[in-house]
Amino acid sequence: MTVKTTLSFSDRHHRFLMEKVGQGVFASQSAAVSAALELMIQDEEERSVTLVALTDEIRARVETPKDAFLDDDEAFERARARIAAAREA
């Protein structure tokens, strides 16, 4: 479904948008704005996955006795692995 809307841009943003459309990077202004929004959505989803992974790791560390602590590299490798797995999904 496509929704028609009106947007306003600063002169700088409008020039950049028109330049990219003129260069053929995007077929239209709408396509460029859609691509930018998709990147924002992807960034937000990745940020959310990252925050959940880090929160889980911090929670696990808080609940772990000090004598059973992992070193930093090992602890954050788990979080990195979860982030990588979420990106592949």
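This structure is a prediction, so every number in the text was calculated from the model and none was measured. Atoms considered below: every heavy atom in the structure, side chains included; atoms not considered: hydrogens, waters and symmetry mates.
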Peer 1: If you measure from CZ on Arg12 to CZ on Arg15, what distance do you get to the nearest 0.5 Å?
Peer 2: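 So the gap between those two atoms works out to 8.5 Å.
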Peer 1: Any side-chain heavy-atom pair from Glu45 and Ile41 closer than 4.5 angstrom?
Peer 2: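 A side-chain contact exists here, since the closest heavy-atom pair is under 4.5 Å.
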Peer 1: Within the supplied structure, the quantity of interest is the number of heavy atoms (other residues, nucleotides, ligands) at a distance under 6.0 Å from Gln23 CD; does it exceed 12?
Peer 2: yes
Peer 1: Between Ala79 and Ala53, what is the shortest heavy-atom contact and its length?
Peer 2: O-CB, 4.2 Å
Peer 1: How long is the span from the CG atom in Leu51 to the CD1 atom in Ile58, to the nearest 0.5 Å?
Peer 2: 9.5 Å
Peer 1: I need the minimum non-hydrogen distance between Ala86 and Val49, along with the two atoms involved.
Peer 2: CB-CG1, 3.4 Å
Peer 1: Mind listing the closest non-hydrogen atom pair of Leu17 and Ala32 along with its distance?
Peer 2: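 Heavy-atom minimum between the residues: CD1-CB, 3.2 Å.
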Peer 1: Is the shortest heavy-atom distance from the side chain of Asp56 to the side chain of Arg78 under 4.5 Å?
Peer 2: no
Peer 1: On a heavy-atom basis, which atom in Phe26 and which in Ala35 lie closest, and how many Å separate them?
Peer 2: CE2-CB, 3.4 Å
Peer 1: Is it true that Phe9 and Met40 fall in one hydrophobic cluster, defined by side-chain heavy atoms closer than 4.5 Å?
Peer 2: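 Shared cluster, yes.
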Peer 1: Mark yes or no for whether Thr50, through its side chain, and Glu46, through its backbone, hold a donor-acceptor pair below 3.5 Å.
Peer 2: yes
Peer 1: Quick one, Leu7 and Gln29 - any side-chain contact, counting heavy atoms below 4.5 Å?
Peer 2: no
Peer 1: Could you give the distance from OG1 (Thr64) to NZ (Lys66), rounded to the nearest 0.5 Å?
Peer 2: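 Rounded to the nearest 0.5 Å, the OG1-NZ separation comes out at 12.0 Å.
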Peer 1: Are Arg80 and Glu77 close enough for a salt bridge, meaning some N to O gap below 4.0 Å?
Peer 2: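 Result for this pair is yes, salt bridge flagged.
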